[in-house]
Amino acid sequence: MRVVEAFRAAYGASPQTVWHAPGRVNLIGEHTDYNDGFVLPFAVPLGVTAAVTPRADRTIRILSLQSSGEPVTLASHDESKGWTRYVVGVLDMLGDRVAGADIAIDGDIPPGAGLSSSAALEVSVASALNDLHDLGMTPMEIALLSQKAENDFVGMPCGIMDQAASALCKEGHALFLDCRSLGSRNIPLDLASHGLSMLIIDTQAHHEHAGGEYAKRRAECESAARKLGVPALRDVTDLAGALDQLQGDERKRTMHVVTENHRVEALVGLLRAGAVNEIGALLNASHLSLRDQYEVSSPELDVAVEAAIRGGARGARMTGGGFGGSAIALVPVDRLPAVEESVSNAFAEHGFQTPRFLPATPAPGAHRLA
Ligand code: GLA
C-alpha cells in the first residue's frame with residue numbers, strides 16, 4: 001500500500017494501524033441535518049486512508065501524499081494550519097485520551113467536489129486512534145467526535161451527515177439517518193439490478209463564499225424556528241400555518257426544509273417498495289427547492305442537472321452543501337454515454353470548466369485495512 005510505503009520512508013518504521021474512510025454523496029435530504037431532520041447519504045468508492053502510530057510525547061507529525069514535501073511537525077495543536085487542522089482537531093477533541101502521533105495520509109477524493117473529503121479525513125484518523133488506544137467508541141461516537149472537531153476546532157458549523165455517512169455506511173446501502181435521535185438504518189440501494197447507475201457530475205467549480213453562506217442559512221433556520229416556537233424546523237407540522245408567520249428568506253428556507261424532510265421519507269418508502277425507477281421525480285423536486293427556496297445552487301449545478309435530464313437521466317440534483325461541487329444523476333445504464341455527452345456539451349456552450357464524471361456505487365463506511 002502506497003501510504004504504508006510513505007509512512008515507512010518518513011518515520012523509519014511500519015504504521016501500527018491503517019484505516020480507510022470514504023467520502024459520500026447525499027441521495028436526498030439536503031440542509032436538513034442541522035434542522036434535526038432526515039438525510040439519506042451513501043458512501044462512495046473514494047476516500048482517505050490514514051496510517052497511524054501513537055507517540056509517547058505530544059508531538060504530531062503528519063504527512064500527506066497529496067501535498068508534496070516533508071511531514072509537518074507540530075509541537076502543539078495551535079500550530080496547525082490548513083488541511084492539517086482536520087487531523088489535529090480530532091486529536092484535540094480526544095484530549096487526554098491520546099498523546100501525539102505519527103500519521104501518513106493518502107486520498108483520492110477530488111478536493112472541492114463536495115464529496116466530503118474533510119469528513120473522510122477526520123473519520124479515518126479518529127477511527128485509527130480509537131483502534132490504537134482501545135477507546136471503545138462506536139461508529140456514531142466517532143462521527144460525533146469528528147463533527148465536533150470540524151465545528152469547534154476548524155470552525156465550520158456543519159451538521160452530522162457527512163461524518164455519519166463516512167463512519168456508518170454499508171456497501172450496497174444508503175444510510176437513512178434521523179439527525180435528532182441519531183437512529184439510523186441501512187437501506188438497500190441496488191441500482192444495477194434495475195438497469196440504473198448513479199453518476200456523479202463534478203462541476204469543477206467551487207465558490208469561495210460557501211462557508212459564510214452555509215452559516216447564514218443555518219442562522220436563518222434557527223431564527224425561523226424561534227419565531228415559530230419550535231425546537232427546530234423538523235418540528236413544523238402545519239407548513240401553511242408556519243409560512244403565514246414568516247417572511248422573506250426565512251419563509252423560503254422553511255419551505256425547503258419542511259418539504260425536503262417529506263421527500264426523504266417518500267424516497268425511503270419508494271426504495272423499500274422496490275420502486276427505484278420512481279425516485280427520479282423526488283431528486284428533481286429537491287433540486288428545484290434547493291435552487292429556488294434555499295438558494296444554494298450555482299449556474300454550473302443547474303446546467304449539469306438540466307443537461308443530465310435532457311440526456312436521459314431519470315432525475316438529478318445538486319448534492320452536498322451547494323455553491324458548486326457535484327450533482328448526481330440517476331441514469332439508465334444504456335443512457336450513460338448520452339448523459340455525459342449532453343452535460344459536456346452544455347458546459348462547453350456555457351464556457352464552464354470541463355466537468356468530471358465519477359461512478360457512484362454505494363461503498364462501505366470506515367474500516368481497518370491493516
Ligand atoms: C455540508 C455539511 C453537511 C450538510 C450538507 C447539506 O455537506 O457538512 O452537514 O449540512 O452540507 O445537506
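Ligands are counted one by one from 1 in listed order, and the atoms in each one are counted from 1 as well.
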Peer 1: Quick check on contacts: which atoms of ligand 1 are under 4.0 angstrom from a heavy atom of Y34?
Peer 2: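 Heavy-atom distances to Y34 below 4.0 Å select 10 (O).
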
Peer 1: Side chain or backbone, does D33 bring an N or O within less than 3.5 Å of an N or O on ligand 1?
Peer 2: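 Yes; at least one N/O pair falls below 3.5 Å.
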
Peer 1: Can you tell me if R2 has over 12 outside heavy atoms packed within less than 6.0 Å of its CZ?
Peer 2: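 It does not: R2 CZ has 12 such atoms or fewer within range.
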
Peer 1: Would you call the rings of F352 and F347 parallel, tilted or perpendicular if under 30° counts as parallel and over 60° as perpendicular?
Peer 2: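 Answer is perpendicular, since the angle exceeds 60°.
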
Peer 1: Pull out every atom of ligand 1 sitting under 4.0 Å from any heavy atom of R24, numbered as shown with elements.
Peer 2: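 Matching atoms, with element in brackets: 7 (O).
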
Peer 1: Under 4.0 Å from a heavy atom of G159: which atoms of ligand 1 are those, numbered in the order shown and with their elements?
Peer 2: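 By the 4.0 Å cutoff, the relevant atoms are 9 (O).
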
Peer 1: Atom 1 (C) of ligand 1: which of L290, T32, D162 has the nearest heavy atom?
Peer 2: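 Answer by nearest heavy atom: D162.
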
Peer 1: Got a sec, which residues hit side chain to side chain donor-acceptor pair (under 3.5 Å) with R335, two or more places apart in sequence or on another chain?
Peer 2: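 R335 satisfies side chain to side chain donor-acceptor pair (under 3.5 Å) with no residue once adjacent residues are dropped.
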
Peer 1: Before signing off on this row, confirm whether E30 and ligand 1 have an N or O atom pair separated by under 3.5 Å.
Peer 2: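 Yes; the residue has a nitrogen or oxygen that sits under 3.5 Å from a nitrogen or oxygen of the ligand.
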
Peer 1: Q163 near ligand 1, heavy-atom distance under 4.0 Å?
Peer 2: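 No, that is not the case, since the closest heavy atom of the residue is not under 4.0 Å from the ligand.
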
Peer 1: Between the side chains of R8 and S14, is a donor N or O closer than 3.5 angstrom to an acceptor N or O?
Peer 2: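 S14 and R8 do have a side-chain donor-acceptor pair below 3.5 Å.
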
Peer 1: Report the part of E260 in contact with ligand 1, treating N, CA, C, O as backbone and CB onward as side chain, heavy atoms under 4.0 Å; options are side chain, backbone, both, neither.
Peer 2: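 Looking at E260 and ligand 1, no heavy atom falls under 4.0 Å.
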
Peer 1: Suppose we measure from atom 5 (C) of ligand 1 to each protein heavy atom; which comes out shortest, and what is that distance?
Peer 2: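 That would be M161 CE, 3.8 Å.
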
Peer 1: Between OG of S197 and CG of L191, what distance do you get to the nearest 0.5 Å?
Peer 2: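 The OG atom of S197 sits 7.0 Å away from the CG atom of L191.
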
Peer 1: Can you name the closest pair of heavy atoms from F38 and N261 and give their distance?
Peer 2: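 So the two residues come closest at N-OD1, 2.9 Å.
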
Peer 1: Atoms of ligand 1 less than 4.0 Å from Y214 heavy atoms?
Peer 2: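 Those of ligand 1 that fall under 4.0 Å from Y214 are 1 (C), 2 (C), 3 (C), 4 (C), 9 (O), 10 (O), 11 (O).
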
Peer 1: Applying salt bridge (charged side-chain N to carboxylate O under 4.0 Å, His left out), which residue pairs with at least one partner in residues 345-354 are found, sequence neighbours left out?
Peer 2: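 Qualifying pairs, neighbours excluded: none.
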
